[in-house]
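Notes follow once the structure below has been shown.
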Amino acid sequence: SSTTDKQRILKAGDNPYLREILFYTYNKYLTYRVKQIIDPDQYAEVQPDTMYEFKQLCENLAAHKWGTNEALDRIKKFLALNTKEGAEVFKNALLRDIRAGIDVKSVNKAFAGLVPTFNVMLADKVEDAGALTYPLVMEEKMDGCRTIAIYDGNAVTLYSREGQVFHDAGVIAEQIARIAPGFPAVYDGEIVAFAPDLQDKTCKKNIDGNWPFYYGLALLKNESKTAEKVKAHLKFHVWDVIDYEYFISGGVKGNAEDLSERKMKLVALMNRVAEDALPNVEMLPNWV
C-alpha cells in the first residue's frame, strides 16, 4: 500500500514493455480524447507482441488524425489482436488508469525522467519571498483560468495549470498561433471573462461573486459551441513566453532565459502583430 513499496515493485519489474505502458499512460502531452472504448467481439487465444501497434495507435490518436467513430473502430480492431487480459491492459492505458494505484510521481521516482511532467510556476506570498531585490516588475493578479498555450509550430493546445486540455479552445488558440507563425513557443497567462452575459445561467448564477472566472471557464470548456460568445466575452492575458524545447523537456534541453529576457521577447513578439489580429489575446501590462 505504500508509495515506496510500489516504486520498489516497479523497479524490480523493469523492462521495455513496462516502461512503454507507463509512458503512454501518464504522458499528458499525448491527448487521446478517448472517453469510452468498444470491446471487440473476439480476442486472440495467445498474446502476441503488439507493442509497436499500440505505440502507433497512441501517436495517431494524439495527432487527432481520425474522427471519433474511426478512432473507436481502430481501437476496437487493435484490442482484437490481443487476448482479453492483454487487451484490458492496453484499454486501461488509453483511459489513463492502469489500475495500479500509482501516479506520474511514483513512475518518475522509479524511472527518473521517463514521463514528461507538466509543471507550471505558482505564486508565493510576497512576505515569504525574503529580501526583495530592486528593480521589481509589478503586474496585476488576474483571477481567472490559468492557461498554458503550447504552440508546436503547427497548432496550439491550451492546458490548465494541472495539465488538463481545453479541447474546444479554437478561437483563442488560432489567435495565439498568429503571434509567431512557424516558431514553437509556450505562452503562459490567464483567461478571464471581461464582459458579463446575464442570459447565460453560469454567469447569472455567479454575478455577485467571481463571474469572470466561472463564466470564463464555462465558455472555455464549450468553445466549439460558443465561438461567438468567446469572441465577445473572453480574453487571454499573456504574461510570459517560454522556450518550447525548454518547457517540453522540463529544463533538460532548449534555452533557459531569465524572466527579464522573456518579458522583452514577449513585448517584441506582441508588437509584431497587428492589434486587430488578436482581439482576444493581449499582453498583461507591467510596471517597473
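Position 1 is the first residue of the sequence, and the numbers go up from there.
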(request) Verify, without hydrogens or angle tests, whether R272 (side chain) and I179 (backbone) share a donor-acceptor contact under 3.5 angstrom. (result) yes
(message) Please check if the number of heavy atoms outside Y43 that lie under 6.0 Å from its OH is greater than 12.
(response) yes
(request) To the nearest 0.5 Å, tell me how far L95 CG sits from T25 OG1. (result) 10.0 Å
(message) Taking M264 as the starting point, is it possible to reach W239 by hopping between hydrophobic residues whose side chains are less than 4.5 Å apart?
(response) no
(request) State whether D39 and K91 are salt-bridged, where the test is any N-O pair (Lys NZ or Arg NE/NH1/NH2 against Asp/Glu carboxylate O) under 4.0 Å. (result) yes
(request) Could you name each residue pair satisfying side-chain hydrogen bond (donor to acceptor under 3.5 Å, both in side chains) that touches residues 103-112, not counting sequence neighbours? (result) D103-S106
(request) Report the distance from atom CG of L114 to atom OH of Y26, rounding to the nearest 0.5 Å. (result) 11.0 Å
(message) Is the shortest side-chain heavy-atom distance between L61 and L94 below 4.5 Å?
(response) yes
(message) Let me confirm one number: the OG1-CD1 distance from T157 to I148, rounded to the nearest 0.5 Å.
(response) 12.5 Å
(message) Test: salt bridge (Lys or Arg N to Asp or Glu O under 4.0 Å). Region: residues 6-18. Which pairs qualify, not counting sequence neighbours?
(response) D5-R8, D14-R19
(message) Working to the nearest 0.5 angstrom, can you tell me the gap between M138 CE and N286 CG?
(response) 10.5 Å
(message) Tell me the closest heavy-atom pair linking F90 and N82, and the distance in Å.
(response) CE1-OD1, 3.2 Å
(message) With a 4.5 Å cut-off on side-chain heavy atoms, are T147 and R161 touching?
(response) no
(request) Identify whether Y32 and M51 are in the same connected component of the hydrophobic contact network (ILVMFWY, side-chain heavy atoms under 4.5 Å). (result) yes
(request) Would you list the pairs meeting salt bridge (Lys or Arg N to Asp or Glu O under 4.0 Å) in which at least one residue belongs to residues 40-68, sequence neighbours left out? (result) E20-K55
(request) Just jot down the salt bridge (charged side-chain N to carboxylate O under 4.0 Å, His left out) partners of K231, sequence neighbours excluded, or say none. (result) E228
(request) Check whether any side-chain heavy atom of V192 sits under 4.5 Å from a side-chain heavy atom of L234, and report yes or no. (result) no
(request) Only counting residues at least two apart or in another chain, list the ones meeting side-chain contact (heavy atoms from CB on, under 4.5 Å) with V267. (result) N271, M283
(message) I'd like to know if the side chain of N206 reaches the main chain of T202, judged simply by a donor and an acceptor atom lying under 3.5 Å from each other, with no hydrogens or angles considered.
(response) yes
(request) Please examine the side chains of I75 and L57, heavy atoms only from C-beta on, and report whether any two atoms are closer than 4.5 Å. (result) yes
(request) Over all heavy atoms of both residues, which pair between L81 and A44 is shortest? Give the atoms and the distance, please. (result) O-CB, 3.4 Å
(message) Quick check for you: to the nearest 0.5 Å, what is the distance between I21 atom CD1 and Y17 atom OH?
(response) 11.0 Å
(request) Provide the closest heavy-atom pair for G216 versus C145 in the form atom of the first, atom of the second, distance. (result) C-SG, 4.2 Å
(message) V238 vs E282, test: side-chain contact (heavy atoms from CB on, under 4.5 Å). Steps then yes/no.
(response) CA-CA 6 Å; V238 56; E282 69 176 35; over 6 Å; no
(request) Give the cluster check for L266 versus L284: same hydrophobic cluster or not, with ILVMFWY residues linked at side-chain heavy-atom distances below 4.5 Å. (result) no
(message) Between Q7 (side chain only) and T4 (backbone N and O only), is there a donor and an acceptor less than 3.5 Å apart?
(response) no
(request) Could you list the residues that satisfy side-chain contact (heavy atoms from CB on, under 4.5 Å) with L198, not counting sequence neighbours? (result) I207
(request) To the nearest 0.5 Å, tell me how far N92 CG sits from I98 CD1. (result) 8.0 Å
(request) Determine whether F78 and T50 make a side-chain contact, defined as any pair of heavy atoms from C-beta on separated by less than 4.5 Å. (result) yes
(request) Could you tell me whether the side chain of N280 and the main chain of I172 form a donor-acceptor pair under 3.5 Å? (result) no
(request) Taking all heavy atoms of A195 and all of Y215, pick out the closest pair and write down the distance. (result) O-CE2, 3.9 Å
(message) Quick one, L10 with L22, criterion side-chain contact (heavy atoms from CB on, under 4.5 Å). Give me CA distance, side-chain angles, the key distance, then yes/no.
(response) CA-CA 10 Å; L10 285 173; L22 295 173; 4.2 Å; yes
(request) Mind listing the closest non-hydrogen atom pair of L219 and V230 along with its distance? (result) O-CG2, 4.2 Å
(request) With sequence neighbours excluded, tell me which residues meet ring pair (Phe, Tyr, Trp, His ring centres under 6.0 Å) with F247. (result) F118
(message) Closer than 3.5 angstrom, by distance alone: can the side chain of N255 be matched with the main-chain N or O of E257 as a donor-acceptor pair?
(response) no
(message) Let me check something: do W66 and L72 share a hydrophobic cluster, defined by ILVMFWY side-chain heavy atoms less than 4.5 Å apart, either directly or through other members?
(response) no
(message) For residues M142 and I191: do they belong to one hydrophobic cluster (side chain heavy atoms under 4.5 Å, members Ile, Leu, Val, Met, Phe, Trp, Tyr)?
(response) no
(message) Just checking F194: does its CZ atom have more than 12 heavy atoms from other residues, nucleotides or ligands closer to it than 6.0 angstrom?
(response) yes
(request) May I ask you to decide if G144's main-chain N or O and E190's side chain share a donor-acceptor pair within less than 3.5 Å? (result) yes
(request) List for me each residue that meets ring pair (Phe, Tyr, Trp, His ring centres under 6.0 Å) alongside H237, sequence neighbours excluded, and say none if there are none. (result) none
(request) Any pair with a residue in residues 70-82 that passes salt bridge (Lys or Arg N to Asp or Glu O under 4.0 Å), sequence neighbours left out, goes on the list, sorted by first then second residue, please. (result) E70-R74, D73-K77
(request) For D258 and S260, indicate whether the former's side chain and the latter's backbone hold a donor-acceptor pair under 3.5 Å. (result) no
(request) Only counting residues at least two apart or in another chain, list the ones meeting side-chain contact (heavy atoms from CB on, under 4.5 Å) with A149. (result) V156, L158, I176, Y187, F236
(message) Testing the basics here: between G254 and D243, what is the closest heavy-atom pair and its distance to 0.1 Å?
(response) CA-OD2, 3.4 Å
(request) Could you name each residue pair satisfying salt bridge (Lys or Arg N to Asp or Glu O under 4.0 Å) that touches residues 137-154, not counting sequence neighbours? (result) E139-K263, R146-D188
(message) I want to check something: taking the side chain as every heavy atom from C-beta on, are Y151 and Y244 in contact at a cut-off of under 4.5 Å?
(response) no
(message) Applying side-chain contact (heavy atoms from CB on, under 4.5 Å), can you list everything that pairs with Q56, at least two apart in sequence or on another chain?
(response) Y52
